[in-house]
Q: 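Before anything else, here's the structure in question.
In each ligand, atom 1 is the first atom listed, and ligand 1 is the first ligand listed.
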Amino acid sequence: MSPLTRRQLLALGAVGAGAAAVGGAGLWWSGGGEALGGGRGLVQPEVLTAADGLLELELAAAPATVRVGARAAHVQAFNGSLPGPTLRLRPGTTLRVAMTNRLEAPTNLHVHGLHVSPEGNGDNPFVSIDPGESFDYEFALPEDHPPGTYWYHPHRHGHVADQLAAGLYGAIVVEDPDPVPVTRERVLVVSDITLDASGDLAEVSPPEQMMGREGETVLVNGQVRPEATAAPGERELWRVVNACPARYLRLQLDGQTLWLLGRDTGRLPAPREVTEVTLAPGNRAELLVDTREGTSRLLAAPVDRGGMDGMMDGMMGGRMPGDGPGNDEPIELLTLEVAGAPAGDPGPVPAGPAPRDLRGEPVAARRTLDFAMGAGMGMDGGMMGEGMTGDGTTGGTRGPGSMMSFTINGERFDEDRTDQRVAAGTVEEWTLTNSSPMDHPLHLHVWPMQVVQDEDRDVGTPLWLDVVNIPAFGEVVVRVAFDDFTGRTVYHCHILDHEDLGMMGTLEVR
Ligand code: C2O
Ligand code: CU
Ligand code: CU
């Protein structure tokens, strides 16, 4: 039973009249049904499924009141639910989304991980939808699109972290034409949120933005520690999305046999037995769970992703953000109760296709991308300027230099500047270096990356990801095949506060 902080309890509505029960230690949680207002059974987000090669839907980003734990929370959500609906597609499907912005800030829509065109009304990160406006997106998945678990979220620069922290995200499933037989499939969208005593979204402070905000309550499908049930001998497929703006998830499931079936895109040729999987923000994992009788907990174990010690000494009076839950103790995400009559054997897992391996292919160009943090000493007074005292929540209005700077190759994001020009159809090798004391997970839109060298780790079978973690002061080498599409898009740190602060670059493929 991991202890809860007072603020977490507050977020659950458990402080106050019910606070006395907390002293009863395990009692409160084991009898948790009532304390949390019931409804602890894990729910699945609504599923919208493509038919005849098309899925058309309306998606409204709007303020919403949802229940988080036992209390009403005033959040922002897609179509009123947190997470938004799960979109189930197949390779070759066209997805049409009429997106409406009912927020007070500009927004847009990104289909994270999908291999689709970045141009026009495709997966175009430069689109901006003003409050009250709509935009019609169309995403056409190629016939050979890799199966897997993907997701969608807003991507309007300057507002991305705020809008994810507020509740705007949902899962996308691209079905495998040769599916692994399972007895049950679950989508698990993991997010985090910080609510104040009245259920409103808490304001984020500049130090939290610099570290990357971690919400105080970690949710699975919008629920606090939900409970799932299964029979022994089942094979479940769990599609886990890390939708947190900055939190890394080191997932562990005690008492069950866990297999890694896929990461980010495609699937492994054969599932690999694992004891844990770490997801940087934006990453996904497809896990097979062979159920065994008993009660298990899905945990997010502590992750050391570095920090600002040293850089911040003396500036923050010793108070470091990032001391919240998750940095020193495991967080319980959900419980799995396995009981009852054993299920029948689901049958063998068919082998998946051998993944492409770019290590044997000619490289047309090599680039280095360096991720750095520095004191953003601008004209307005550097670190102690407006950002430290002013409206840290309004994103786009902060002046340059008002906070520590977050750069790639020494530059902050400028949507009018093209940072990398790539020849369509070629393979490139990118060396990703991190000269800062904090990890930065690099995400490239449209084209997945094959990790070819990761510190000292031997990368045996091809590892394909769309978010690649670059450890503090570390280096990772990836290769990318710029196939199928041309156009202009972005790459960025998926600690979304860093992205909003400028750790993003542009790429043009022609
Ligand atoms: Cu998940 Cu460019 O983002
Ligand atoms: Cu993306
Ligand atoms: Cu970063």
Q: Using modelled atom types and a 3.5 Å cut-off, is there a donor and acceptor pairing between side-chain atoms of Asp192 and backbone atoms of Cys244?
A: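 No, because the side chain of Asp192 does not come within donor-acceptor range (under 3.5 Å) of the backbone of Cys244.
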Q: Would you give the angle at the Cu ion (ligand 3) between His440 atom ND1 and His498 atom ND1, to the nearest 10°?
A: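 Nearest ten degrees: 110°.
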Q: If every non-hydrogen atom of Ala77 is compared with every non-hydrogen atom of Leu168, which pair is closest and at what distance?
A: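 Scanning both residues, the minimum pair turns out to be C-CD2, 3.3 Å.
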Q: For Asp466, is there an ion pair with Arg263 - N to carboxylate O distance below 4.0 angstrom?
A: no
Q: Hey, are Tyr248 and Thr278 close enough side-chain-wise for a donor-acceptor pair under 3.5 Å?
A: no
Q: Answer yes when Arg356 and Glu361 have at least one side-chain N-carboxylate O distance shorter than 4.0 Å, and no when they do not.
A: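 Salt bridge present between Arg356 and Glu361.
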Q: Using 2.8 Å as the cut-off, note every protein N, O or S atom close to atom 2 (Cu) of ligand 1.
A: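 You should have found His155 NE2, His445 NE2, His492 NE2.
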Q: Using a strict threshold of under 4.0 Å (side-chain N to carboxylate O), is an ion pair present between Glu286 and Arg267?
A: no
Q: At less than 2.8 Å, would any N/O/S atom of Cys493, backbone or side chain, sit next to the Cu ion (ligand 3)?
A: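 It does: Cys493 brings an N, O or S atom closer than 2.8 Å to the Cu ion (ligand 3).
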Q: With no hydrogens and no angle check, just 3.5 Å: does a side-chain donor-acceptor pair link Arg412 and Ser405?
A: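 The answer is no; no qualifying pair exists.
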